[in-house]
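To keep things clear, I will list the structure first and then write my remarks on it.
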Amino acid sequence: MAQESIKQEIRRLAKERNALLLAHNYQRDEIQEIADLTGDSLGLSIEAAGTDRQVIVFCGVHFMAESAAILAPDKLVLLPRPDAGCPMADMVTPDGLRQMKARHPGVPVVTYVNSSAAVKAESDICCTSANAVRVVNSLPAAEVLLVPDRNLGKYIAERTDKICHLWDGYCPTHERLPVAEVQRAMQDHPDALFMAHPECPPEILALAHHICSTSGMYDYAQSSPARKFIVGTEAGILWRLRRDNPEKEFILPSSRLICPNMKLTSLEDVLHSLQTMSPQITVPADVRERARATLERMLAVPRD
Ligand code: 13P
Ligand code: SF4
């Protein structure tokens, strides 16, 4: 079937099934194009919880569909590619986290949303790349455990007075961005601002004019008077940045900024998912309730 016909059939079936199509900012261009909403990990899960549609098709990776299933337990959540995982989320297991907690009794665990439901269930509060410092500073404790991203952890540790104990995980996609390639892009485009995701290693963040989540990048690009931006995150973000800011230029400093898991989902997968209403993502009730409490504690933290 030609791409245009697949897109039309997806839209027709989505309507028939009363389904909401969600796409993360790192998805392939054509997936973002057919989605009802494109956004960051947590933002999309909140949309899933708030919609009156009964079916959620989550074009992203496994932990995101799980978050939607946790926040919207009454909905049917489909992940077109169940093999689309997140290597960073897989770097921490509930058992490993329990061992870390045993080494630091009573110290609260702040877990990045890029984690499994089972790890969230073992944690005290969640955070995203957009609210991490605010969440950590909202806690009455003097020490915190930050899981699983060591880069986000170091970024937080530099912005809080609390003693931070970091899990040694990382995002392989952001980790492989070479400093030299960012420096070369900055030399080639001295008038450009460099925005970087906090999952980047500290040497990269040290070069950034602005450090923010994927949604933060859209806000920054739109509100800044600058006309050129070097983008330190996964390549998929360029599609909407360019579509919504046609007068501005966005430069990817490296061809390595591709998350293979985020690129797995194809139009054919989305169509197949809607045709078969599978694969469905569910979270066992006991894990779901504890993970939900961890997410809800984060959502209750007041905004600045
Ligand atoms: P955000 O979209 O929440 O910034 O997350 C980035 C990411 O790596 C998602 O996998
Ligand atoms: Fe995981 Fe990194 Fe891919 Fe996001 S970009 S899904 S954190 S591996």
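When a ligand or atom number is given, it counts from 1 through the structure's own listing order. Fair warning: this is a prediction, and the values are worked out from it, not measured in the lab.
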Please assess Thr128 against Asp40 for the test side chain to side chain contact (heavy atoms under 4.5 Å, CB included), listing each intermediate value before the final yes or no. CA-CA 9 Å; Thr128 71; Asp40 65 16; 5.9 Å; no
May I ask you to list the atoms of ligand 2 that are less than 4.0 angstrom from any heavy atom of [X]?
X	value
Asn114	7 (S)
Met88	7 (S)
Cys171	2 (Fe), 5 (S), 7 (S), 8 (S)

Examine all N, O or S atoms of Cys86, backbone included, and report whether one is under 2.8 Å from atom 1 (Fe) of ligand 2. yes
Ligand 1 and [X], any nitrogen or oxygen pair closer than 3.5 angstrom?
X	result
Ser41	yes
His197	yes
Asn25	no
Asp40	no

Atoms in ligand 1 with a heavy atom of Met64 nearer than 4.0 Å: 9 (C), 10 (O)
Asn114 heavy atoms, cut-off 4.0 Å: which ligand 1 atoms fall inside? 7 (C), 8 (O), 9 (C), 10 (O)
Nearest protein heavy atom to [atom], by residue and atom, and its distance?
atom	answer
atom 8 (S) of ligand 2	Pro87 CD, 3.4 Å
atom 2 (O) of ligand 1	Thr214 OG1, 2.6 Å
atom 3 (Fe) of ligand 2	Cys259 SG, 2.4 Å

Given salt bridge (Lys or Arg N to Asp or Glu O under 4.0 Å), test Glu122 with Arg290 step by step and report yes or no. CA-CA 8 Å; Glu122 282 295 327; Arg290 287 185 294 138; 3.8 Å; yes
Would you please classify the geometry between the Tyr26 ring and the His174 ring as parallel, tilted or perpendicular, with 30° and 60° separating the classes? tilted
What is the ring orientation for Tyr220 with His210, classed by angle as parallel under 30°, tilted 30 to 60°, or perpendicular over 60°? parallel
Please state whether Glu199 comes within less than 4.0 angstrom of ligand 2, counting heavy atoms only. yes
Taking a cutoff of less than 4.0 Å between a non-hydrogen atom of the residue and any ligand atom, is Met88 in contact with ligand 1? no
Should Ser129 be listed as contacting ligand 1, given a heavy-atom distance under 4.0 Å as the test? yes
Should His209 and Phe194 be marked as a ring pair (Phe, Tyr, Trp, His ring centres under 6.0 Å) after you check the CA-CA gap, both sets of side-chain angles, and the distance that decides it? CA-CA 5 Å; His209 296 104; Phe194 174 43; 7.4 Å; no
Quick check: does any side chain N or O of Lys154 sit under 3.5 Å from a backbone N or O of Leu166, one acting as donor and the other as acceptor? no
Return the CG to CD distance between Asn25 and Gln32, rounded to the nearest 0.5 Å. 6.0 Å
Would you call Lys263 and Glu234 a salt bridge, taking side-chain N to carboxylate O under 4.0 Å as the test? yes
Quick one: do Glu268 and Arg81 make a salt bridge, cutoff under 4.0 Å? no
Does any donor atom in the side chain of Glu143 or His165 lie under 3.5 Å from an acceptor atom in the other side chain? yes
Met262, Glu199, Glu234: member with heavy atom nearest to atom 8 (O) of ligand 1: Glu199
Just do the side chain to side chain contact (heavy atoms under 4.5 Å, CB included) check on Val301 and Ile125 with the steps written out, would you? CA-CA 10 Å; Val301 173; Ile125 190 165; 3.9 Å; yes
